[in-house]
Asker: 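First the structure, then my questions, so here it is.
The structure presented is a predicted model; accordingly, all values stated were derived computationally and were not measured. Both backbone and side-chain heavy atoms feed into the values below; hydrogens, waters and symmetry mates do not.
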Amino acid sequence: MKGFVGSLVFLIILVVPVALAGHNYGEALSKSFLFYEAQRSGYLPHNQRVQWRGNSGLNDGKASGIDLVGGYYDAGDNVKFGLPMAFTVTMLSWSILEYGRQMAASGELSHAMDAVKWGTDYLLKAHPEPYVLYGEVGDGNTDHYCWQRPEDMTTSRAAYRIDPNHPGSDLAGETAAAMAAASIVFRRYNPGYANELLNHAHQLFEFADKYRGKYDSSISVAQKYYRSVSGYADELLWGAAWLYKASNNQFYLNYLGRNGDALGGTGWSMTEFGWDVKYAGVQTLVAQFLMSGKAGHNAPVFEKYQQKAENFMCSCLGKGDRNTQRTPGGLIYRQRWNNMQFVTSAAFLATTYSDYLASAGKYLKCSSGSVSPNELLSFAKSQVDYILGDNPRATSYMVGYGNNYPRQVHHRASSIVSFKVNPSFVSCRGGYATWYSRKASDPNLLTGALVGGPDAYDNFADQRDNYEQTEPATYNNAPLIGVLARLHAGHSGYNQLLPVVPDPKPTPKPAPRTKVTPAPRQRVLPVPANAHVTIQQKATSSWALNGKTYYRYSAVVTNKSGKTVKNLKLSIVKLYGPLWGLTKYGNSFIFPAWLNSLPAGKSLEFVYIHTASPAIVSVSSYTLV
């Protein structure tokens, strides 16, 4: 075998001003829907694409005399929790209602609608009587004691419900919102199904409003896992907003007007939005009603809703009176456990509100001044780009996207060999001994799953027992799907205040795509004729902290030769901060631990952060084989 040892200065491409790295949002969108197929419970359909999964939970509800087969497992366990499942359906539906046209253009709308219907089919089963709703199947305590595939599970499948004597306004209100939102999705293509969903939504809202109480007081086994900290007032407003949007019934619009103060819609300025706290979502919807000219005599109250919605947007941008926390790399940070849920939900609200403002010809009003709709959209894009790899670790937090993504996901089904490969029964505790503790990549790739993500300092440990960071959840992806569709297709030129769900089949001639933020022209230095390796280096973000301005630089190393690069050594000088994506070796840097060569045409990325101009990168040596 012949080898070649070379020494040259790498090509440097420096992009100034700051430009965000390009991502394939369409690929990320497509993969997100595969994650929902991996989370399915019940009898899997003939067109199931995630082949390593099988039928599971086929006796759910049987002990209670009801069919509760189907639905979604919420995260990395095998429990079906009703509150986060309903929120997932609501957000999937909202994503379609805002950006269904963009999904159709990329051929993903049918998968999006399938994801919604898998959830609503189950929710319809869970609502057998007007004032009865099943809110959980299985319980976290027994489930978490075991580590088993869904196809093998031997844990309790008890079903838990709410009724007039055991109310749950938050659960019923969220489920009403989910069914109402989904009814709009299916109105054009399956009107009978849409009407059924809307009828159930009306009943559930009446149940929630008439028999008030927190669901986790009635279903106490949920308290440890999905405790309703915010109470039920936000879900009553949330349900009313979606029922107005679905039915155009003035009762629900007036409900929002009459109860805005009493239920907190006009009072709470939030810095989070998720399965528990819905205020920011309600306020954004009501602001849309106002900007669409639908408020009528409720306009003075709706203006107060809108002010709180704008407070949320300003807090995300860091331009409000009370701002969200950011990591040094720029990611919104709320909590250690599954922080990513708050990132995607904030990005979604920012994206939709940006489009509402643009459609109405308005600007966002923050305490620091007016903000253009495009700046709000740019914030959302920055969060998505961080998720997909533009971060200090150069890590994609979506499984299967990019080259460096989590391999040891905290997820029972993906971490245990598929029963189709090895049908041997995996016992309750045996799964922990054999599979949970295994220090190796998951045997089944959980494509599209968005894990919990890094800590407050952008650190992340890809370990199966690190459930705070490596466990995915259905409600992480649901808001992200809408933003991905928006960024992938660009603006389609229609009024976002009048959303339309298009044909789920791909359009033969999609609207021309435009970039959300055009990248500035790159300055390229001449490349030596014999250069086998190039580097593209660019500044991808900057932020101020404690009086200093920090810059994040991304460097992509590409093998331009026709051979494999091995034994690469880089020299990096004038580096004054942390670097991720390479391994320090004496005074040089070499391949990271997960890479020992760079095949022809392939690239690797490393990133660093400091308060200075770009570091000087050169090559010490390498070998071509």
Asker: Evaluate side chain to side chain donor-acceptor pair (under 3.5 Å) for Tyr134 paired with Ser64, printing each intermediate quantity in order.
Answerer: CA-CA 10 Å; Tyr134 283 84; Ser64 300; 4.9 Å; no
Asker: For Tyr36 together with Tyr72, are the ring centres under 6.0 Å from each other?
Answerer: yes
Asker: Given side chains that start at C-beta, do those of Leu285 and Gln288 come closer than 4.5 Å, heavy atoms only?
Answerer: yes
Asker: With no hydrogens and no angle check, is any side-chain donor or acceptor of Asn195 less than 3.5 Å from a backbone partner on Pro191?
Answerer: yes
Asker: Would a line drawn from the ring center of Tyr305 to the ring center of Phe302 be shorter than 6.0 Å?
Answerer: yes
Asker: State plainly whether the residues Arg149 and Asp152 are in salt-bridge range, i.e. N to O under 4.0 Å.
Answerer: yes
Asker: Side-chain contact test, heavy atoms from C-beta onward, threshold under 4.5 Å: evaluate it for Pro130 versus His200 and give yes or no.
Answerer: no
Asker: With distance as the sole criterion, is a donor-acceptor pair present between the side chains of Thr470 and Asn466 under 3.5 Å?
Answerer: no
Asker: Would Ser183 and Tyr193 count as having a side-chain donor-acceptor pair, cut-off 3.5 Å?
Answerer: no
Asker: Using a distance-only test with no angle check, is there a side-chain donor-acceptor pair under 3.5 angstrom linking Asn254 and Tyr244?
Answerer: no
Asker: Whether the Asp276 and Tyr226 side chains hold a donor-acceptor pair (N or O, under 3.5 Å, no angle test) is what I'd like checked.
Answerer: no
Asker: Parallel, tilted or perpendicular, judged at 30° and 60°: which one describes the rings of Phe33 and His111?
Answerer: tilted
Asker: Between Gln283 (side chain only) and Gly265 (backbone N and O only), is there a donor and an acceptor less than 3.5 Å apart?
Answerer: yes
Asker: Checking the side chain of Asn259 only, and the main-chain atoms of Leu237 only, is there a donor and an acceptor separated by less than 3.5 Å?
Answerer: no
Asker: Take Tyr131 and Tyr211 through the ring pair (Phe, Tyr, Trp, His ring centres under 6.0 Å) test and state the conclusion after the steps.
Answerer: CA-CA 9 Å; Tyr131 294 165; Tyr211 298 98; 5.3 Å; yes
Asker: Do the side chains of His166 and Tyr215 get nearer than 4.5 Å, heavy atoms only?
Answerer: no
Asker: Taking atom types as modelled and ignoring hydrogens, do the side chains of Asn311 and Gln307 form a donor-acceptor contact shorter than 3.5 angstrom?
Answerer: yes
Asker: Determine whether the aromatic ring centres of Tyr432 and Trp147 lie less than 6.0 Å apart.
Answerer: yes
Asker: Would you please test Phe342 and Tyr333 for ring pair (Phe, Tyr, Trp, His ring centres under 6.0 Å) and show each step?
Answerer: CA-CA 8 Å; Phe342 302 110; Tyr333 187 79; 9.5 Å; no
Asker: Check whether Thr474 reaches the backbone of Thr88 with its side chain - one donor and one acceptor, N or O, closer than 3.5 Å.
Answerer: no
Asker: Does the ring center of Trp238 lie less than 6.0 Å from the ring center of Phe273?
Answerer: yes
Asker: Identify whether the distance between the nearest side-chain nitrogen and carboxylate oxygen of Glu98 and Arg486 falls below 4.0 Å.
Answerer: no
Asker: Does atom CH2 of Trp52 have more than 12 heavy-atom neighbours from other groups under 6.0 Å away?
Answerer: yes
Asker: Would you say the rings of His202 and Tyr252 are close, in the sense that their centroids are separated by under 6.0 Å?
Answerer: yes
Asker: Do you know which two heavy atoms are closest between Asn338 and Ala473, and how far apart they sit?
Answerer: ND2-CB, 4.0 Å
Asker: Please check this pair: side chain of Arg322 against backbone of Ser269, looking for a donor-acceptor N/O pair closer than 3.5 Å.
Answerer: yes
Asker: What are the two closest heavy atoms between Ser169 and Leu236, and how far apart are they?
Answerer: CB-CD2, 4.5 Å
Asker: Counting C-beta onward and ignoring hydrogens, is there a side-chain heavy-atom pair between Glu151 and Arg53 closer than 4.5 Å?
Answerer: yes
Asker: Does any non-hydrogen side-chain atom of Tyr122 lie less than 4.5 Å from one of Ser41?
Answerer: no
Asker: Does either side chain, that of Thr90 or that of Glu174, offer a donor lying less than 3.5 Å from an acceptor on the other one?
Answerer: yes
Asker: Test Gln148 against Thr154 for side chain to side chain donor-acceptor pair (under 3.5 Å), laying out the working first.
Answerer: CA-CA 8 Å; Gln148 291 176 288; Thr154 56; 3.2 Å; yes
Asker: Please indicate whether Phe251 has more than 12 foreign heavy atoms, meaning atoms of other residues, nucleotides or ligands, lying under 6.0 Å from its CZ.
Answerer: yes
Asker: Within the side chain of Thr284, is there an N or O that forms a donor-acceptor pair under 3.5 Å with the backbone of Leu349?
Answerer: no
Asker: Pair Gln306, Tyr353 - check side chain to side chain donor-acceptor pair (under 3.5 Å), show working.
Answerer: CA-CA 11 Å; Gln306 183 177 28; Tyr353 201 70; 3.1 Å; yes
Asker: Distance only, no hydrogens: is a donor on one side chain within 3.5 Å (strictly under) of an acceptor on the other, for Tyr405 and Arg407?
Answerer: yes
Asker: Do the non-hydrogen side-chain atoms of Thr271 and Arg334 ever get within less than 4.5 Å of each other?
Answerer: yes
Asker: Under 6.0 Å from the NZ atom of Lys62, do we count more than 12 heavy atoms belonging to anything else shown?
Answerer: no
Asker: Look at atom CZ of Phe425 and say whether more than 12 heavy atoms of other residues, nucleotides or ligands are closer to it than 6.0 Å.
Answerer: yes
Asker: So Leu388 and Val384, do their side chains get closer than 4.5 Å, heavy atoms only?
Answerer: yes
Asker: Which atoms form the tightest heavy-atom contact between Pro406 and Ser396, and what is the distance?
Answerer: CD-O, 3.0 Å
Asker: Surrounding OH of Tyr225 (heavy atoms of other residues, nucleotides or ligands, distance under 6.0 Å), is the total greater than 12?
Answerer: yes
Asker: Please check if any side-chain donor atom of Thr352 sits under 3.5 Å from a side-chain acceptor atom of Asp355, or the reverse.
Answerer: no
Asker: Would you check if Lys294 and Lys245 make a side-chain contact, meaning some heavy-atom pair closer than 4.5 Å?
Answerer: no
Asker: Quick one: CH2 on Trp275 to CD on Glu235, what's the gap to the nearest 0.5 Å?
Answerer: 9.5 Å
Asker: Output yes when a side-chain donor or acceptor of Thr434 lies under 3.5 Å from a complementary backbone atom of Gly431, and no otherwise.
Answerer: no
Asker: Between Phe87 and Tyr475, does the ring centre distance come in under 6.0 Å?
Answerer: no
Asker: Tell me whether the count of non-hydrogen atoms from other residues, nucleotides or ligands lying under 6.0 Å of CZ in Arg336 goes above 12.
Answerer: no
Asker: Lys214 side chain to Ser228 main-chain N or O, any donor-acceptor pair under 3.5 Å?
Answerer: yes
Asker: Under 3.5 Å, side chain of Asp74 to main-chain N/O of Met85, donor-acceptor pair present?
Answerer: no
Asker: Mind running side chain to side chain donor-acceptor pair (under 3.5 Å) on Tyr356 and Ser292 for me, showing each step along the way?
Answerer: CA-CA 9 Å; Tyr356 296 163; Ser292 300; over 6 Å; no
Asker: How many angstroms lie between atom OG1 of Thr344 and atom CG of Leu480, to the nearest 0.5 angstrom?
Answerer: 6.0 Å
Asker: Taking all non-hydrogen atoms of both residues into account, name the closest pair between Arg412 and His144 and its distance.
Answerer: NH2-CA, 3.4 Å
Asker: With rounding to the nearest 0.5 Å, note down the distance linking CG in Leu109 to CD in Gln102.
Answerer: 10.5 Å
Asker: Is the closest basic N to carboxylate O distance between Lys278 and Asp170 below 4.0 Å?
Answerer: no
Asker: Is any NZ, NE, NH1 or NH2 atom of the basic residue among Glu136 and Arg161 found under 4.0 Å from an Asp or Glu carboxylate oxygen of the other?
Answerer: no
Asker: Give a yes or no answer on whether the side chain of Arg212 reaches the backbone of Asp209 with a donor-acceptor pair at less than 3.5 Å.
Answerer: yes
Asker: So which atom in Ser415 and which in Val409 form the shortest heavy-atom distance, rounded to 0.1 Å?
Answerer: CB-O, 4.4 Å
